[in-house]
Asks: 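Here it is, the structure, as structure tokens.
Nothing here was measured: the structure is a model prediction, and the numbers come from that model.
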Amino acid sequence: MIRTLAVLCGALALAAAGCGGDESASKQWADDFCTSVGDWRDEVEGAASDLADPSTLDEQTLDEAVRRAVAATDDLLADLGQLGPPQTDAGDEIEQQLNDLEDVLRARASQTRKALEQPASSVSDAFARLATIAEQLADSAKAVEQTIARVRKLDPAGELEQALRESDACEGLR
């Protein structure tokens with residue numbers, strides 16, 4: 001009887017450790033995901049702040065800020081590609097959402113690059129180009145927010161939702 005109880009306790013301990021591993025895999029995924037998104041957001045916001053004062057805006061500042069935002073988007077895409085989907089029941093659906101986000105961000109980055117490559121023949125042309133770039137960056141940010149919302153809904157067991165909620169890296173994205 002004591003031996004059976006010891007075996008049962010050992011099995012329960014292993015099962016609990018296995019469950020804890022899944023939780024920490026979800027938490028690690030949430031940490032990595034939110035760190036990547038947070039880094040991207042910080043870079044894009046930094047680039048936007050470089051453009052906040054039109055009186056100091058010149059072609060070089062515009063080019064550097066846009067290149068910074070596009071590089072941040074490229075980094076985010078690389079990070080998401082390496083991250084892959086979380087190990088949850090909805091992993092395949094979440095992977096599809098991340099693939100869709102990747103497509104949107106690649107398209108927005110391409111549009112931003114095109115706007116950057118267009119020469120500005122006047123101040124009004126430069127501001128029109130800046131408006132196009134700002135629109136692409138805003139659309140990218142919106143796509144990230146929408147993807148996060150959809151990913152949260154795809155987690156019927158709430159495991160990923162809990163990991164996203166408990167992640168320190170996700171704190172600044174709320």
Asks: How many angstroms lie between atom CG of L76 and atom CD of E43, to the nearest 0.5 angstrom?
Replies: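 Answer rounded to 0.5 Å: 11.5 Å.
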Asks: Rounded at 0.5 Å granularity, tell me how far OG in S167 sits from NZ in K27.
Replies: 5.0 Å
Asks: According to a hydrophobic-cluster definition based on side-chain heavy atoms being under 4.5 Å apart (Ile, Leu, Val, Met, Phe, Trp, Tyr only), do V104 and V66 belong together?
Replies: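 V104 and V66: separate clusters.
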Asks: How long is the straight-line distance from CG of L105 back to CG of L80, given to the nearest 0.5 Å?
Replies: 7.5 Å
Asks: For the NZ atom of K114 and the CD atom of Q111, what is their distance to the nearest 0.5 Å?
Replies: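 One gets 5.0 Å once the value is rounded to the nearest 0.5 Å.
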Asks: Considering all heavy atoms of both residues, which atom of P86 and which atom of L160 are nearest to each other, and what is their separation?
Replies: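 Taking every non-hydrogen atom into account, CG-CD2, 3.8 Å.
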Asks: Side-chain donor-acceptor pair under 3.5 Å between E95 and N99, yes or no?
Replies: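 No pair is found: no donor N or O on one side chain lies under 3.5 Å from an acceptor on the other.
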Asks: Is there a donor-acceptor contact under 3.5 Å from the side chain of S110 to the main chain of R106?
Replies: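 Side chain of S110 to backbone of R106: no pair is present.
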Asks: Taking all atoms of both residues into account, what is the closest heavy-atom pair of V37 and V144, and its distance?
Replies: CG1-CG1, 3.6 Å
Asks: Do D50 and R68 have side chains that get closer than 4.5 Å, going by heavy atoms?
Replies: yes
Asks: On a heavy-atom basis, which atom in T147 and which in Q97 lie closest, and how many Å separate them?
Replies: CG2-O, 4.0 Å
Asks: Can you check whether W40 reaches D79 side chain to side chain, under 4.5 Å on heavy atoms?
Replies: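 Side chain of W40 against side chain of D79, heavy atoms only: no contact under 4.5 Å found.
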Asks: Rounded to the nearest 0.5 Å, how far does OG of S140 lie from CD of E135?
Replies: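 Here the interatomic distance stands at 10.5 Å.
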Asks: State plainly whether the residues D100 and R150 are in salt-bridge range, i.e. N to O under 4.0 Å.
Replies: no
Asks: Which of these passes salt bridge (charged side-chain N to carboxylate O under 4.0 Å, His left out) with D74: R67, R108, R113?
Replies: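 So, applying the salt bridge (charged side-chain N to carboxylate O under 4.0 Å, His left out) to D74 and each of R67, R108, R113, only R113 qualifies.
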Asks: CH2 of W29 to CG of L83: how many Å apart, nearest 0.5 Å?
Replies: 5.5 Å
Asks: Can E159 and S26 be counted as having a side-chain donor-acceptor contact under 3.5 angstrom?
Replies: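 A pair is found: one side chain offers a donor N or O, the other an acceptor, under 3.5 Å apart.
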Asks: Counting C-beta onward and ignoring hydrogens, is there a side-chain heavy-atom pair between C34 and L164 closer than 4.5 Å?
Replies: yes
